[in-house]
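Presented below is the structure to which this report refers.
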Amino acid sequence: MSSIRVRFAPSPTGELHVGGARTAILNWLFARKNKGAFILRVDDTDSDRSERKFVDNILESLEWLGIDWDEGPGRGGEYVPYYQSERLDLYKKEINRLLENGRAYWCFCTEEELQEGREEAKRKGIPFLYPGKCRNLENSRVKELKENNLPCVVRLMSPEEGKTTVEDQIKGEVVFENRHLDDFIILKSNGLPTYNFASAVDDVYMQISHVIRAEEHLSNTPRQLMLIEAMGYRPPLFAHVPVILAPDKTKLSKRHGATSVEEFRARGFLAEALTNYLVLMGWAPPDDEELFTMDKAVMHFDINKVGKTAAVFDEKKLAWINGHYIREADLDRLTEISIPFLQNKGMVPDEITSQEKDMVKTVLEVSRERIKSLEELPELCDFFFTEDFAFHEDALKKVFSREETSGNLELVYKKLASLEELSPENIQASFKELSEENNISLSKIVKPVRAALSGKLMGPELNNIMIILGKEKVLERIEKAKNLKT
RNA sequence: GGCCCCUUCGUCUAGGCGGUUAGGACACCAGCCUUUCAAGCUGGCGGCAGGGGUUCGAAUCCCCUAGGGGUCACCA
């Protein structure tokens, strides 16, 4: 009965946010480390904002990240169903128990009434707490009001004195005074449970041992503890992880750029880079190494060592990590995931042949160490795929504006034309000979050739470019570039 | 405003029991390598929010102040 069971319980009101992803990863690491179970539960009690497409997005994002769940959507489990919207009978049952035991009560206060109270409290500069007006309604009165179909909710009869303390695995002991907490709503007038209630009930029923979730839930925790106490169950342990901040130190949101896992994937980040980075904000392995696999993270993970401070999301560091994984990735796999980025720019056809695929692979081999995200690939290597590549402004200004460029290209043309086939050796030798024979610097030869072949001043090694392009195209492009003088 | 959490280089962090020139990484700068750009290597810049205590000795313990964040919904 002491088995470790954790859960990630997103509400499908948006795409999987990197903050949510980190919470999921932390839960997953904890479960894997302790040979426990990682449960995925969909907290969709907000019928207005929950959408099926977001459920799909969250599931896909988690799968893409490699965060697999032992129980949950698509996988079933002992505590099925894992959608709160399908567990309504259970909540109803627990609400009724609470009602019968006098630990909860029906409340018929209207929105207007409450709003008035809030405004008055604001005027007085004191926090608004529900005054408990409906606490002691006679049963007959309740029955009467209900028969008249008056909108009503159920509130928990919360203790007025004492303290509720949360033994948080990350924050330590956090104490809340019960008098600051009012009789909060557990059943909404639309018949659906509130988050606090459904979450507490499910955590208990699903035998969750540790609730690892975002810090913003810390202030909800005493309420859930009260609920669990009122229902007569044992509460799980809690661990609240700090939020992720944007560079301006406010909560990371859409206006800061990419925030969802899907957006990062679309921008050319690798799953292992994103997970590595996300784990790194708030946790560090014992050896302080920053680049690690999830396997290694699992081996050393310790929830108690997760930092208490909110971390600023640093895209530069993510990019560095991503560059590392791009360089390390299996080339075939990298080829597969790179193709869409090329197709996106029309560089390779949507229906790709195996020859074209091989070409992408070859190009990747000589280009990968120059990019930090797959998104940068098209611009870096467009000239490998088309004759219609653009000449970069720098190339025009620094190379093609020069008097001697045309003549030098002509020299190169002649020299290369005499070669049987291009090889690293004979290309090298040719350039060297040209330099010596004509007494011109190597760079005066090399730069124009690079510019002629790629339209750029920087890029993969020239040898590689020439060999991949092949003698025919190389000569064609040099010929064409001779007349490009600006 | 009430309640709660947090505070080590610009950023992410390491710093069980108080004694370190406060360590690493990203970024930035410089150099090396190099037929470009990267990558790689080497070096540099840069920090314990402030103030009081406790102590022979505090980034580490206590208190206060300041700053940041979260939350105060019939949202999760």
Side-chain angles (χ1 to χ4, degrees), chain A residues 9-13 43-46 48-50 84 107 109 111 114 118 121-122 124-129 151-155 166 168 170-172 174-177 180-182 184-196 198-199 213-222 240 242-243 245 247 249-251 277 280-291 305 307-321 323-324 327 367-372 380 427-428 431-432 435 441-447 449-451 454 456-463 465:
Chain A
S11 91
T13 54
D43 282 11
D44 55 354
T45 51
D46 183 349
D48 294 339
R49 296 197 305 147
S50 292
Q84 289 193 324
C107 169
C109 293
E111 191 57 47
L114 295 174
R118 281 193 197 98
K122 198 167 185 182
K124 291 182 182 167
I126 56 171
F128 174 76
L129 294 178
C152 55
V153 299
V154 173
R155 290 178 184 271
V166 180
D168 196 277
I170 292 173
K171 306 282 186 185
V174 184
V175 184
F176 295 85
E177 305 236 14
H180 292 307
L181 273 12
D182 63 358
F184 55 94
I185 294 172
I186 57 181
L187 184 73
K188 301 183 259 186
S189 58
N190 65 5
L192 294 174
T194 57
Y195 163 77
N196 276 321
S199 180
R213 71 211 325 185
E215 184 174 25
E216 61 205 82
H217 293 294
L218 182 54
S219 54
N220 275 323
T221 309
H240 289 92
V243 295
L245 268 24
K249 302 264 187 180
T250 62
K251 224 172 158 184
Y277 178 67
L280 210 46
M281 10 188 14
W283 182 79
D287 62 9
D288 234 20
E289 285 299 324
E290 317 237 348
L291 268 7
K305 285 274 208 269
K308 301 177 179 188
T309 66
V312 173
F313 196 87
D314 181 9
E315 272 210 37
K316 285 258 184 65
K317 186 146 186 177
L318 206 211
W320 169 71
I321 292 178
H324 166 79
R327 292 190 290 276
S367 312
R368 72 202 302 196
E369 69 181 23
R370 264 157 272 258
I371 56 171
K372 287 184 158 57
L380 180 70
I427 291 172
Q428 295 271 63
F431 284 164
K432 202 173 166 212
S435 165
S441 73
L442 212 45
S443 76
K444 286 249 167 62
I445 298 168
V446 165
K447 276 188 189 167
V449 175
R450 169 181 293 283
S454 71
K456 308 177 212 323
L457 256 26
M458 37 149 280
E461 283 185 33
L462 190 51
N463 272 343
I465 292 178

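In what follows, every chain begins at residue 1, and chains take the letters A, B, ... in the order their sequences are listed.
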Touch class at under 4.0 angstrom, heavy-atom based, for A/H240 against every strand present: nothing

Sugar-phosphate only, base, or nothing, as touched by A/N196 at under 4.0 Å among non-hydrogen atoms: nothing

Among B/rG70, B/rA27, B/rG15, the one nearest A/W320 by side-chain distance: B/rA27

Sugar-phosphate, base or nothing in reach of A/V153, heavy atoms under 4.0 Å: base

Pair of N/O donor and acceptor under 3.5 Å linking B/rG24 base with A/E289 side chain: no

Touch class at under 4.0 angstrom, heavy-atom based, for A/L457 against every strand present: base

Touch class at under 4.0 angstrom, heavy-atom based, for A/F313 against every strand present: nothing

Partner nucleotide, any strand, of B/rC17 [Watson-Crick/G-U, under 3.5 Å]: none

B/rA25 pairs with, by Watson-Crick or G-U criteria that keep both distances under 3.5 Å: B/rU11

From B/rC5, B/rC12, B/rC37, nucleotide with atom closest to A/A311 side chain: B/rC12

Sugar-phosphate only, base, or nothing, as touched by A/K251 at under 4.0 Å among non-hydrogen atoms: sugar-phosphate

Sugar-phosphate only, base, or nothing, as touched by A/S367 at under 4.0 Å among non-hydrogen atoms: nothing

Sugar-phosphate only, base, or nothing, as touched by A/K372 at under 4.0 Å among non-hydrogen atoms: sugar-phosphate

Touch class at under 4.0 angstrom, heavy-atom based, for A/K249 against every strand present: sugar-phosphate

No-H, no-angle donor-acceptor pair, A/T309 side chain to B/rC6 base, under 3.5 Å: no

Donor-acceptor pair present, A/K317 side chain and B/rA27 base, under 3.5 Å: no

Sugar-phosphate, base or nothing in reach of A/E177, heavy atoms under 4.0 Å: nothing

Touch class at under 4.0 angstrom, heavy-atom based, for A/G282 against every strand present: sugar-phosphate

